[in-house]
Asks: 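For reference, the structure I am asking about is given below.
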Amino acid sequence: MSHSRVFPFRRVSVDHMVRGSTRVWWQLEPTFNQPGPYIFQLQLGKTGLRDAADWRNIGSPVTNGYLAYDPAWHESGYELLSHYRVTLTTPTDVYVSQAANCYGELHERDWVLSREIIRKERVRHKYVSVPGYLLKPMRFGTPCARCRDQLTQELLDADCPICSGTGFEVGYHPALPMQCWDLSTQTIQEDIDNEVKGTTRVEPYITARVIGFPALNKDDIWVNSASDERWLIDSIQIAAAIRNVPIIYQVKLGLLPFSSSAYALEVGGEPAARPGPVLPIAGCGNIVVDHDYGGPDNLIYADATGRAIPGAKIHVFTAAVYNAAYPALPNPMLAIGGSTTTTNGRWTAAVKLNAGNYVITFDKPGEYGPDIRLITASLAGGGMSYTQAPEPVAAPEDIIVKKPKQSRKPGTAPDDFWAI
């Protein structure tokens, strides 16, 4: 179920079956009165994060409907990782709903009651909690070719620069900011073993109380925004629930040593010169293009104020394909490469291109874009790039500069976690 509300969606509900058809239905706010038709698209993800890199379409779009079905079987372990959300496309705009988990469904009265519990918990967090960031690892996706054993698929490097020890390319989803935790006090005792380990911390664990949305999983990482300490979630206990739907978690956290590669994970605001993870590369060309092509952070995605936009889709088209589709945007299936944006608006993967002119589209449905960048890829590197409005690609000097649209009010949080 879902607790946060993102206009115009009032509620998204999931009637889940592990083996069988899962039904997802939704309600719109009564005040939403845009002209139709309303085209809804069901999407599936494994984290529940709005900016996650793994959202994908399920089934065909639904026109002027209120429910959709997912007939596939997605779960194989002991945890219900599946989350659903819905995108709404109208003749004038695009909207994206909150994420809904599969833990259970509450009737209207219980749903309103659970939202009131979370509201009061939020008030408590305001005075006693520590703000930070939540980092969720990739649990599905493209296996890392560098650190996996080719025969057994066993992970061979816990500090892999590509997957950060997760076993999947990219490593971690973009950080969720403003995740507040009510932390217990720490017991600090250090021993020195000169022969084996050096300095060790005897009791590197604390407990924390946190709202259960989005859902937490073992091996997620919480980052203290004040000290940059990285804590690994060791165990999770449900502290409060309504009809078996988790509302509040009590979690046990273990401090990661400062030598861990987890401290290289970006959470927001890091400078371009800061060494980060090595991007996976796809494509058959001989020119590597990513956010640093043409200069440090030259091709990041940011709004008009310079704030980075995580969770946006990136598609790379040849200039010929783009011109043939004008004034519409090309079908994403015609893209020769693609990626998504992570923290700081940087790319999660690089693409290999041949020399020539290309158009890069950035789009975060319901919030930003689509926005266009034109690059000239060359073996010499440092090709020029421009931001432009959707129009036929001509010479670079003819491009009209246009900033990404900003649909959120200035100063509001970039996520829907606290929109209760």
Side-chain angles (χ1 to χ4, degrees), residues 45-54 77 79 81 83 99 101 125 129-141 144 147 155 157-184 186 201 203-237 246 249-270 274-279 308 310-311 340-344 346 348 414-415 417:
K46 292 292 185 177
T47 65
L49 301 183
R50 190 175 174 84
D51 295 333
D54 63 348
E79 295 183 84
L81 299 178
H83 288 74
N101 60 42
H125 277 295
S129 296
V130 180
Y133 300 88
L134 180 65
L135 292 166
K136 297 185 75 68
M138 302 286 291
R139 291 182 167 85
F140 302 89
C144 180
C147 69
L155 300 182
D157 186 2
D159 292 325
C160 176
I162 295 179
C163 72
S164 300
T166 65
F168 296 96
E169 290 184 355
V170 181
Y172 284 80
H173 295 279
L176 174 67
M178 294 185 67
Q179 181 79 3
C180 295
W181 301 68
D182 184 3
L183 305 179
S184 67
Q186 302 182 42
R201 199 165 186 172
E203 188 62 32
Y205 293 100
I206 61 174
T207 59
R209 181 182 176 93
V210 62
I211 296 173
F213 298 89
L216 301 179
N217 302 101
K218 181 178 170 60
D219 295 333
D220 289 352
I221 294 177
W222 178 74
V223 183
N224 187 324
S225 63
S227 64
D228 197 39
E229 291 177 324
R230 313 274 164 124
W231 297 82
L232 187 70
I233 295 180
D234 181 73
S235 61
I236 303 171
Q237 178 183 1
Y249 288 127
Q250 193 80 18
V251 298
K252 181 180 178 181
L253 307 173
L255 180 65
L256 292 171
F258 300 140
S259 58
S260 171
S261 61
Y263 289 88
L265 300 174
E266 296 181 336
V267 296
E270 292 87 351
R274 179 181 183 273
V278 178
L279 300 187
T340 58
T341 58
T342 184
T343 307
N344 295 319
R346 295 168 186 154
T348 58
D415 64 274
F417 182 74

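Model, not experiment: these values are computed from the prediction.
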Asks: Please collect all salt bridge (charged side-chain N to carboxylate O under 4.0 Å, His left out) contacts where either partner lies in residues 166-176, sequence neighbours excluded, each pair once.
Replies: none
Asks: Can you name the nearest heavy-atom pair linking Y172 to S164, along with the distance?
Replies: CE1-CB, 3.8 Å
Asks: OG1/T348 to CE/M138 distance, rounded to the nearest 0.5 angstrom?
Replies: 8.0 Å
Asks: Roughly how far, to the nearest 0.5 Å, is the CG atom of D220 from the CD1 atom of I233?
Replies: 4.5 Å
Asks: Could you list the residues that satisfy side chain to side chain contact (heavy atoms under 4.5 Å, CB included) with L155, not counting sequence neighbours?
Replies: C147, R148
Asks: Output all residues satisfying salt bridge (Lys or Arg N to Asp or Glu O under 4.0 Å) with D219, sequence neighbours left out; order by chain, then residue number.
Replies: none
Asks: Work out which heavy atom in H173 is nearest to a heavy atom in A53; give both atom names and the distance.
Replies: ND1-N, 3.1 Å
Asks: Any chance you could measure I206, atom CD1, to W181, atom CH2, to the nearest 0.5 Å?
Replies: 9.0 Å
Asks: For side chain to side chain contact (heavy atoms under 4.5 Å, CB included), just list the numbers for Y263 and L256, CA-CA rounded to whole Å, side-chain angles, deciding distance to a tenth of an Å, and then say yes or no.
Replies: CA-CA 9 Å; Y263 289 88; L256 292 171; 4.2 Å; yes
Asks: Hey, what do you get for OG (S260) to CD1 (I221), rounding to the nearest 0.5 Å?
Replies: 6.5 Å
Asks: Restricting to non-hydrogen atoms, name the atom on P131 and the atom on C180 that form the minimum distance, rounded to 0.1 Å.
Replies: CA-SG, 4.0 Å
Asks: Do L216 and V210 come within less than 4.5 Å of each other through their side chains, counting heavy atoms only?
Replies: yes
Asks: Restricting to salt bridge (Lys or Arg N to Asp or Glu O under 4.0 Å), what partner residues turn up for D54, sequence neighbours left out?
Replies: none
Asks: Mind listing the closest non-hydrogen atom pair of P177 and A175 along with its distance?
Replies: CD-O, 3.3 Å
Asks: Starting at CG of L134, measure out to CH2 of W231 and round the result to the nearest 0.5 Å.
Replies: 15.5 Å
Asks: Check D228 with R230, please: is the shortest side-chain N to carboxylate O separation under 4.0 Å?
Replies: yes
Asks: Listed by chain and number, what are the side chain to side chain contact (heavy atoms under 4.5 Å, CB included) partners of Q250, not counting sequence neighbours?
Replies: T207, R209, Q237, A239
Asks: For V130, what residues pass the side chain to side chain contact (heavy atoms under 4.5 Å, CB included) criterion, not counting sequence neighbours?
Replies: L183, W222, N224
Asks: I want to check something: taking the side chain as every heavy atom from C-beta on, are L253 and D234 in contact at a cut-off of under 4.5 Å?
Replies: no
Asks: Side chains of P174 and T343: does their closest heavy-atom pair fall under 4.5 Å?
Replies: yes
Asks: Nearest 0.5 Å please: distance from the CD1 atom of I211 over to the CD atom of Q179.
Replies: 8.0 Å
Asks: So which atom in C160 and which in C144 form the shortest heavy-atom distance, rounded to 0.1 Å?
Replies: SG-SG, 3.7 Å
Asks: Determine yes or no for a side-chain-to-main-chain donor-acceptor pair under 3.5 angstrom, with N344 supplying the side chain and G269 the backbone.
Replies: yes
